[in-house]
Student: 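Would you mind keeping the following structure in view while I ask a few things?
Quantities reported herein were computed from a predicted structural model and do not represent experimental measurements. Lettering follows sequence order; numbering is per chain, from 1.
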Amino acid sequence: MLQGVESWLRAAATRVHEAAPSLTALDQAIGDGDHGINLDRGFGAIVAMLDERPSPEDGTRDAAATADLLRQAGKTLISKVGGASGPLYGTAFLRGAGAVAGDHPSAAAAFVAALEAATGGIAALGKSAEGEKTMLDALFPAARAARASLDGGGDLAAVTGAARDAAGAGAEATIPMLATKGRASYLGERSIGHQDPGATSAALLLAVVAEVAGAAAADASGATA
Amino acid sequence: MLQGVESWLRAAATRVHEAAPSLTALDQAIGDGDHGINLDRGFGAIVAMLDERPSPEDGTRDAAATADLLRQAGKTLISKVGGASGPLYGTAFLRGAGAVAGDHPSAAAAFVAALEAATGGIAALGKSAEGEKTMLDALFPAARAARASLDGGGDLAAVTGAARDAAGAGAEATIPMLATKGRASYLGERSIGHQDPGATSAALLLAVVAEVAGAAAADASGATA
Amino acid sequence: MAANAPSHSMKKLINNVDDLVPESLAGLQAAHPDLVRIDAANNVVIRKDAPRQGKVGLISGGGSGHEPMHGGYVGLGMLDAACAGNVFTSPVPDQMEAATRAVDGGKGVLHIVKNYTGDVLNFEMAAELVAGEIEVKSVVTNDDVAVQDSLYTAGRRGVGVTVLLEKIVGARAEAGASLDEVAATAEKVNGQGRSMGLALTSCIVPAAGTPTFQIGDDEVEVGIGIHGEPGRRREKLRPVDEMAEWLVTPIVQDLGLKAGDSVLAFVNGMGGTPLIELYTAFNSVNKILGGQGIKIGRSLVGNYITSLEMAGFSVTLLRLDDELTKLWDAPVHTPALRWGV
Amino acid sequence: MAANAPSHSMKKLINNVDDLVPESLAGLQAAHPDLVRIDAANNVVIRKDAPRQGKVGLISGGGSGHEPMHGGYVGLGMLDAACAGNVFTSPVPDQMEAATRAVDGGKGVLHIVKNYTGDVLNFEMAAELVAGEIEVKSVVTNDDVAVQDSLYTAGRRGVGVTVLLEKIVGARAEAGASLDEVAATAEKVNGQGRSMGLALTSCIVPAAGTPTFQIGDDEVEVGIGIHGEPGRRREKLRPVDEMAEWLVTPIVQDLGLKAGDSVLAFVNGMGGTPLIELYTAFNSVNKILGGQGIKIGRSLVGNYITSLEMAGFSVTLLRLDDELTKLWDAPVHTPALRWGV
Ligand SMILES: Nc1ncnc2c1ncn2[C@@H]1O[C@H](COP(=O)(O)OP(=O)(O)O)[C@@H](O)[C@H]1O
Ligand SMILES: Nc1ncnc2c1ncn2[C@@H]1O[C@H](COP(=O)(O)OP(=O)(O)O)[C@@H](O)[C@H]1O
Ligand SMILES: [Mg+2]
Ligand SMILES: [Mg+2]
Ligand SMILES: [Mg+2]
Ligand SMILES: [Mg+2]
């Protein structure tokens with residue numbers, strides 16, 4: 001898994017950088033215009049961390065190494081991002097790290113466990129739930145869809161694909177919502193009609209997971225073909 | 001003369017009010033954007049003064065009454081206008097008052113004497129001369145032209161008409177000048193290419209003199225016709 | 001584009017966008033070497049003589065762009081340290097941890113936090129980082145009456161009262177009060193103060209490079225916070241007497257002020273509004289309060305908690321009693337507020 | 001018009017344009033009843049306890065729109081009265097006459113005049129109105145190095161040094177010096193200080209209703225005064241380090257400052273520039289002076305002499321010696337500057 005997670009983080013950094021202006025524009029509409037800037041700074045710092053980080057010691061279990069990487073990424077986000085999204089995404093990564101450290105029958109199962117833990121961690125820290133027009137409106141549906149796909153026998157590509165689709169739909173579904181958490185809540189009725197920036201970035205991160213998992217699957221099938 | 005001067009002041013107030021935006025616009029280009037506002041405030045105050053002022057006592061000499069009116073107008077300008085133009089125009093009126101108080105063979109002669117005194121008063125107070133891109137570039141040529149017209153036998157209409165024409169030309173001639181006095185001097189070379197607001201207002205005031213004098217002449221000729 | 005439409009792209013006195021916060025802090029230190037020092041690794045402004053043994057430490061912090069808040073309030077009788085985040089972005093826990101450690105004089109540290117999700121979460125994490133080592137209490141300001149208070153939402157924003165609280169609580173700490181006492185005064189000030197603001201223009205977050213919102217020539221945003229965001233509603237520009245009513249009335253109602261009550265009246269500029277207008281707005285506020293028999297016991301007029309170069313103003317009223325008046329009058333010596341010394 | 005171009009028409013916190021100055025003064029009085037009173041008939045701000053017997057009276061004045069100058073500098077250790085003209089229009093002689101009479105404590109009155117034709121003429125006329133009754137001396141500040149000094153022109157403008165002069169000379173008068181001594185210190189300050197400024201935007205004179213000049217998104221006006229006017233030349237917007245060089249270098253040259261000299265460095269905002277940028281600009285100035293071995297002995301950073309809501313800044317350097325440093329440090333208590341009391 002370690003390789004996959006590292007690929008994901010690097011790819012996510014690139015995609016966050018590209019999407020930063022549009023994320024910031026969403027935040028200008030109902031927040032304070034820094035969400036893209038914040039995440040770009042955070043993922044940039046993750047890449048720097050990856051570049052400097054020594055490879056895990058020989059013999060480290062993959063799950064432990066993966067958890068360690070996610071934990072470092074979470075700490076990096078907490079130290080570099082600030083704002084609401086820094087602690088929230090940072091905590092999500094820390095919780096995800098805790099989840100992947102355990103025993104899982106497959107990478108797909110580990111992914112679902114991590115996504116669920118991450119989502120729950122955000123909700124707990126943010127004292128927030130689905131339907132409040134936050135990143136949780138992408139993450140909760142994604143976690144449910146991923147679990148359903150896994151339960152139906154889906155492999156990593158299928159499970160991450162399900163998460164991606166549900167997160168994308170969830171992010172779009174924030175448009176008509178009235179915000180009750182985060183800065184958008186200050187706007188009252190005027191928050192309606194805009195897509196939540198955090199839900200959008202969450203959907204983006206999950207799209208990159210699916211992309212990386214899909215590419216890995218293609219590689220693997222290419223290799224066995 | 002009293003009647004003529006009062007008519008002039010009232011007509012000037014109307015015309016200054018109409019021209020205030022364009023005078024201010026000229027001052028925005030090379031000054032601080034208040035010349036029209038300043039003069040409008042001053043002439044508005046003159047009209048208020050005229051409305052409240054008791055008529056001169058019976059038997060007052062016309063020249064004395066006219067001088068008194070001009071003196072009050074000058075004081076009003078000094079008390080209400082501020083800026084550079086307040087003391088300068090105010091002093092001009094005070095000097096004009098002094099000049100008309102004396103004995104003059106005709107209204108035309110009194111006008112020329114007043115214009116010369118006013119112009120000299122501004123130059124003395126402002127420590128300025130012709131060619132520095134100020135109101136003096138309208139007033140000195142006007143005073144010379146008026147004197148020439150009077151020497152050539154011109155009546156009040158002719159004399160004031162000559163002053164008006166020369167002042168208008170003088171104001172236009174400020175466009176290519178480099179300012180060395182007033183705020184425009186701070187712009188250095190950049191003052192070139194703009195018409196001086198004070199020269200423009202001076203030309204306007206003289207245009208109104210000519211208008212009022214011309215109308216009076218027409219009335220008079222109508223009456224004798 | 002109208003002939004004389006001014007620029008809408010970014011025009012600021014900066015070098016690189018990324019260097020703005022550290023360079024501005026360096027300037028603060030260069031201008032006030034007698035008052036503050038900078039922890040440049042953490043973008044923390046620290047009182048020159050911190051930590052002061054036997055004195056409760058006071059720290060605050062938040063996104064940058066609100067200057068002089070908070071760095072301008074570090075000094076005698078006010079804050080011991082201020083953490084500067086990126087523009088409009090709460091600082092990170094490491095910064096608050098560094099600040100807390102730098103100012104602890106053995107009597108504990110009060111965290112003064114404005115009620116925004118990011119600020120609250122980052123300060124909470126910082127408190128956890130020093131838990132067991134330094135006693136930390138927090139007060140969360142939430143004085144913005146434009147937002148309805150509710151347990152089920154993010155709640156009200158912390159705005160103008162934060163400045164008054166830092167001054168008043170700073171005096172209490174300077175006088176040697178315990179952490180509990182200092183925290184109690186902080187809660188009292190937060191409970192007795194309310195604010196509301198409006199914007200005439202938006203502002204440009206440097207890293208974004210464009211105005212946060214668009215607004216017509218004759219429009220104002222009413223019920224704004226301090227992050228350049230649009231407000232609760234948009235109105236047509238009106239005479240300041242009327243606009244001041246929009247802000248004062250909800251505050252007076254929320255505080256339940258009555259004839260005979262005395263308040264500290266604080267008219268604050270959002271950064272781009274000059275003093276000639278702020279004093280005119282103060283005149284409006286004075287007329288409104290006077291008409292209701294509410295006495296202005298103390299006042300503050302100026303740009304004290306800002307949103308970059310935004311034009312607009314906010315009104316904060318703090319119900320005064322003898323204790324708060326005395327603490328307000330106590331000596332303060334910081335880059336932005338100074339008296340009695 | 002670009003989608004998010006902000007307004008270019010007038011958006012201000014005012015009621016009627018004609019009431020702006022008196023209402024703003026009324027607000028100043030309402031906010032600082034302990035410091036000042038207003039002669040509303042003359043738009044003069046007067047020190048609460050004026051006239052002070054045995055103290056030289058200090059008055060200044062000028063057009064409005066430069067707040068806090070001059071009304072914000074009335075109080076202990078600074079001005080005894082300030083005359084407020086209409087926006088950017090010198091006050092009239094009647095105002096200065098009223099102010100002179102209100103503050104005369106038997107020791108004479110110093111008129112502090114900025115070198116603009118209108119200001120000089122109106123103050124001169126006022127002095128004539130009290131001639132024989134009250135001894136009046138004048139100092140005319142002319143510190144703007146953007147303009148070349150010459151006997152044959154209007155000369156240099158009085159800008160930032162005026163603020164420093166009012167503070168320093170105020171301390172001298174407060175200490176009981178004679179009119180001649182006070183005037184001599186005023187001349188000394190004017191002789192040892194120089195300024196230069198630049199604008200990022202224009203401003204709107206309320207009665208005019210439109211910006212005084214038009215300027216591109218990437219342009220600045222260099223060598224401006226304080227009346228919203230364009231400067232000596234137009235340049236492209238550059239990093240603040242470089243723009244600060246444009247201002248500091250001519251001042252250093254004009255004053256002949258050398259390594260080892262000590263100055264008061266004053267970075268002033270034009271009204272619409274927030275403190276985060278002004279401290280960044282101060283950082284630039286500090287680096288430039290430090291590079292030349294010139295020491296910043298004292299500093300002042302903020303919006304102290306402004307052009308309405310114009311964005312931009314000016315730099316003033318005043319060569320310090322022990323006398324001026326002591327007078328600068330002496331107590332002052334006015335709405336805008338306060339220390340030592
Ligand atoms: N209480 C919360 N629970 C979950 N997500 C939240 C909460 N508050 C804010 N968010 C998310 O954070 C996003 C904003 O992040 P960002 O702009 O980086 O921080 P800030 O609001 O501090 O500027 C919002 O779009 C929203 O999705
Ligand atoms: N020294 C001077 N001598 C003669 N006229 C002057 C002088 N200085 C300024 N002026 C005139 O005054 C005009 C400006 O008047 P105004 O805008 O009302 O005053 P201010 O310059 O104080 O704003 C200039 O256009 C110029 O014609
Ligand atoms: Mg944000
Ligand atoms: Mg003018
Ligand atoms: Mg933010
Ligand atoms: Mg003027």
Student: Which bit of D:E221 is near chain B, if near means a heavy-atom gap under 4.5 Å: side chain, backbone, both or neither?
Tutor: side chain
Student: Using distance only, find each side-chain donor-acceptor pair of residues 23-30 of chain B under 3.5 Å and give its atom names and separation, not counting sequence neighbours.
Tutor:
from, atom 1, to, atom 2, distance (Å)
B:T24, OG1, B:A20, O, 3.1
B:T24, OG1, B:G36, N, 3.2
B:T24, OG1, B:I37, N, 3.3
B:D27, OD2, B:G33, N, 3.1
B:D27, OD2, B:D34, N, 2.8
B:D27, OD2, B:H35, N, 3.1
B:Q28, NE2, D:T210, O, 3.2
B:Q28, NE2, D:T210, OG1, 3.2

Student: Check this for me, if you would: do B:R10 and B:D51 make a salt bridge, where the nitrogen-to-carboxylate-oxygen distance has to be below 4.0 angstrom?
Tutor: yes
Student: Any luck finding a side-chain donor-acceptor pair between D:H111 and D:T100 under 3.5 Å?
Tutor: yes
Student: With a 4.5 angstrom heavy-atom cut-off, which part of D:N42 approaches chain B: side chain, backbone, both or neither?
Tutor: neither
Student: What part of D:P91 is in contact with chain B, defined as an atom under 4.5 angstrom from a non-hydrogen atom: side chain, backbone, both or neither?
Tutor: backbone
Student: Atom CG of B:D68 and atom OG1 of B:T60: how far apart are they, to the nearest 0.5 Å?
Tutor: 8.5 Å
Student: Do any pairs count as a salt bridge (Lys or Arg N to Asp or Glu O under 4.0 Å) and have a residue in residues 109-119 of chain B, sequence neighbours left out, and if so which ones?
Tutor: B:E116-B:R147
Student: Please identify, among D:Q148, D:R233, D:R157, the residue contributing the most non-hydrogen atom pairs under 4.5 Å to chain B.
Tutor: D:R157
Student: Using the side-chain contact (heavy atoms from CB on, under 4.5 Å) criterion, which residues pair with D:D19? Sequence neighbours excluded.
Tutor: D:N16, D:E23
Student: Top residue by heavy-atom pair count (under 4.5 Å) with chain D, among B:A84, B:S185, B:S79?
Tutor: B:S79
Student: Name the member of D:P93, D:G223, D:S202 that forms the most heavy-atom pairs with chain B at distances under 4.5 Å.
Tutor: D:P93
Student: Can you list the residues of residues 188-213 of chain B that sit under 4.5 Å from chain D, counting heavy atoms only?
Tutor: B:G188, B:R190
Student: Under 4.5 Å heavy-atom distance to chain B, tell me which part of D:V87 shows up: side chain, backbone, both or neither.
Tutor: backbone
Student: By a 4.5 Å heavy-atom criterion (distance strictly below it), what part of D:N122 contacts chain B: side chain, backbone, both, or neither?
Tutor: both
Student: What I'd like to find out is whether the side chain of D:V220 reaches to under 4.5 Å of the side chain of D:W246, using heavy atoms alone.
Tutor: yes
Student: Check each of B:I122, B:N38, B:T134 against B:S85 using the side-chain contact (heavy atoms from CB on, under 4.5 Å) test, and report the only one that passes.
Tutor: B:N38
Student: Do B:H104 and B:F111 have their ring centres less than 6.0 Å from each other?
Tutor: no
Student: Judged by modelled atom types alone, do D:D143 and D:S195 share a side-chain donor-acceptor pair under 3.5 Å?
Tutor: yes
Student: May I ask you to name which of D:D144, D:N86, D:T117, D:V205 has the most heavy-atom pairs under 4.5 Å with chain B?
Tutor: D:N86
Student: Side chain, backbone, both or neither: which part of D:Y152 has a non-hydrogen atom closer than 4.5 Å to chain B?
Tutor: backbone
Student: Between D:S90, D:G63, D:G62, which has the largest tally of heavy atom pairs under 4.5 Å with chain B?
Tutor: D:S90
Student: Quick check on the 6.0 Å ring-centre criterion: do D:Y304 and D:H66 meet it?
Tutor: no
Student: Between chain B and each of D:R232, D:E124, D:M125, count heavy-atom pairs under 4.5 Å; write down the option with the most.
Tutor: D:R232
